[in-house]
Amino acid sequence: MAKAPSPAFRCTECGWTTAKWAGRCGECQQWGTVVEASAPTGVLGKLTPIRATDERAARPITEARADEAPRWSSGIAEFDRVLGGGIVPGAAILLSGEPGVGKSTLLLEVASRAAKTGARVLYVSAEESVGQVRLRAERTGALHDDLYLASETDLATILGHIDQVQPKLLIVDSVQTVSSSQSDGLAGQPGQVREVSAVLTRIAKERDLPILLVGHVTKDGSIAGPRLLEHLVDVVCQFEGDRHTALRFLRAQKNRFGATDEVGCFEMAGDGIAEVPDPSALFLSQNEPVAGTCVTIVMEGRRALPVEVQALINKTQAPNPRRVTNGVDPSRVAMILAVLHGRYSYDLTDHDVYISTVGGVKISEPAADLAIALALVSVIRDLALPRDLAAYGEISLSGEVRPVSVAKQRGSEGNRLGYKLLLNSDVSNDLKSVLGIAKTAAEAAQPARRERELDAAF
């Protein structure tokens with residue numbers, strides 16, 4: 001019986017094997033990871049056990065030391081919040097995000113703040129020239145004598161800059177544009193990204209040098225390159241935001257030194273990027289309440305944020321009325337419209353319905369269901385809800401108001417911001433009762449609102 005031929009090519013990411021070369025792995029669907037595999041000899045080498053030293057000897061976990069890792073502040077409180085309290089010496093931090101979202105601007109601000117504290121910072125730009133980085137630094141006020149710039153794409157030269165400058169913080173923008181002579185292929189290919197990230201991570205651990213790496217993303221939003229890149233680093237952060245708004249969010253997807261549910265808020269401006277320690281006013285309108293608006297309290301990581309939901313309806317003769325949403329889940333809106341129609345006879349089949357949030361924020365959790373329903377009923381009845389009313393709760397198909405996660409923190413934030421009437425499942429688990437309470441509060445607020453309007457008119 002003939003012996004089956006051994007596979008000649010293997011994927012370096014998942015280990016998938018094939019007899020013929022392929023540009024894309026048939027298992028993990030990664031491009032450029034299939035390389036020629038060495039033929040097995042059938043002889044397994046024998047490892048000789050090595051006795052560990054006394055310092056590295058295994059001991060009971062109860063005797064292991066659990067000292068808190070030392071941290072130093074980057075000078076940006078929102079950035080430190082996401083990292084778990086500050087930058088840990090020797091940490092490798094990967095920052096990814098869409099092109100143009102402001103990754104380089106944020107890290108240049110971090111470099112400037114660190115330099116102002118007396119720490120020497122080396123900023124290596126592999127995508128821009130020194131002159132381009134200098135122009136951005138002038139615009140954002142990030143000039144400092146302890147901030148060193150270099151425009152290099154060769155890993156060996158970058159290591160030479162590290163030996164020469166002896167920085168306390170290293171920033172590499174970006175890891176996909178740096179190449180090493182020890183690996184074949186062009187910069188950005190999986191082999192090159194693997195080699196560069198492994199060397200920089202080893203340098204970070206050996207010298208207690210914190211390194212901030214910028215990572216590109218693919219079309220689907222994942223980090224470009226091999227998955228090994230995310231495994232090697234200590235912290236993976238995602239910088240995201242809408243191009244049409246100035247608001248930016250920084251989230252930690254992986255953090256060996258802290259929690260991964262913290263969110264940092266920033267705002268892009270003409271002179272750089274600014275942190276927003278209290279973003280509660282960014283998602284609320286500043287005018288008098290009108291019919292069709294309701295405030296909900298959503299969770300962004302561990303932070304509770306008030307967000308205003310707005311609704312508008314228009315009579316239409318079209319056979320298929322429009323359902324336009326911005327910032328909310330269209331399927332949740334369709335379900336709420338079905339509940340209002342099927343359970344409480346609010347018929348909007350001959351109306352166009354528009355639902356939007358203020359400030360461009362996107363709500364994905366079901367806690368905003370109750371606020372959407374109240375905004376719709378408010379515009380149907382042409383009755384404005386009071387400004388000190390907020391609502392959060394999930395609505396089921398039976399018309400039940402269900403409790404949501406972290407309800408206590410939402411309530412505490414609502415009380416801190418001055419919302420006297422918080423409608424949720426604790427008030428009533430029946431949607432009809434909640435709608436009645438909101439109607440009573442809105443009717444009670446009408447005389448006072450009318451008096452303020454008359455005072456403003458005269």
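Every value quoted in this text rests on a predicted model; they were computed, and no experiment measured them.
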Among side-chain atoms of [X] and [Y], is any donor-acceptor pair under 3.5 angstrom?
| X | Y | result |
| --- | --- | --- |
| N255 | T260 | no |
| T293 | Q310 | no |
| E109 | T140 | no |

Contact between [X] and [Y] at the side-chain level, heavy atoms closer than 4.5 Å - yes or no?
| X | Y | result |
| --- | --- | --- |
| T357 | K362 | no |
| Q192 | S180 | yes |
| S405 | R410 | yes |
| R71 | F257 | yes |
| V235 | L83 | yes |
| V401 | V427 | no |
| W16 | V34 | yes |
| E240 | V101 | no |

Side chain to side chain contact (heavy atoms under 4.5 Å, CB included) between V199 and L159, intermediate numbers included: CA-CA 9 Å; V199 171; L159 298 182; 4.1 Å; yes

[X] [atom1]: over 12 foreign heavy atoms closer than 6.0 Å:
| X | atom1 | result |
| --- | --- | --- |
| R256 | CZ | yes |
| D145 | CG | no |
| K420 | NZ | no |
| K254 | NZ | yes |

List the atom of [X], the atom of [Y], and the distance in Å for their closest heavy-atom pair.
| X | Y | answer |
| --- | --- | --- |
| L209 | L169 | CD1-N, 3.7 Å |
| A367 | T296 | O-OG1, 3.8 Å |
| C294 | A371 | CB-O, 3.6 Å |
| V178 | V172 | CG2-CG1, 4.0 Å |

Answer yes when [X] and [Y] have at least one side-chain N-carboxylate O distance shorter than 4.0 Å, and no when they do not.
| X | Y | value |
| --- | --- | --- |
| K408 | D426 | no |
| R81 | E275 | no |
| E413 | R303 | no |

Contacts of P60 that satisfy side-chain contact (heavy atoms from CB on, under 4.5 Å) - sequence neighbours left out: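 Scan of P60 (side-chain contact (heavy atoms from CB on, under 4.5 Å), adjacent residues dropped) gives T62, E63.
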
Quick check: does any side chain N or O of [X] sit under 3.5 Å from a backbone N or O of [Y], one acting as donor and the other as acceptor?
| X | Y | value |
| --- | --- | --- |
| E365 | M299 | yes |
| E400 | N429 | no |
| K103 | G215 | no |
| N424 | G393 | no |

Evaluation steps, side chain to side chain contact (heavy atoms under 4.5 Å, CB included), between V298 and Y392: CA-CA 8 Å; V298 301; Y392 50 91; over 6 Å; no

The single option from V82, I273, T105 passing side chain to side chain contact (heavy atoms under 4.5 Å, CB included) against F239: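 In the set V82, I273, T105, the residue that makes a side chain to side chain contact (heavy atoms under 4.5 Å, CB included) with F239 is I273.
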
Side chain to side chain contact (heavy atoms under 4.5 Å, CB included) assessment of R134 paired with S129: CA-CA 9 Å; R134 166 62 192 254; S129 65; over 6 Å; no

Side chain to side chain contact (heavy atoms under 4.5 Å, CB included) assessment of I372 paired with I395: CA-CA 10 Å; I372 296 174; I395 297 178; over 6 Å; no

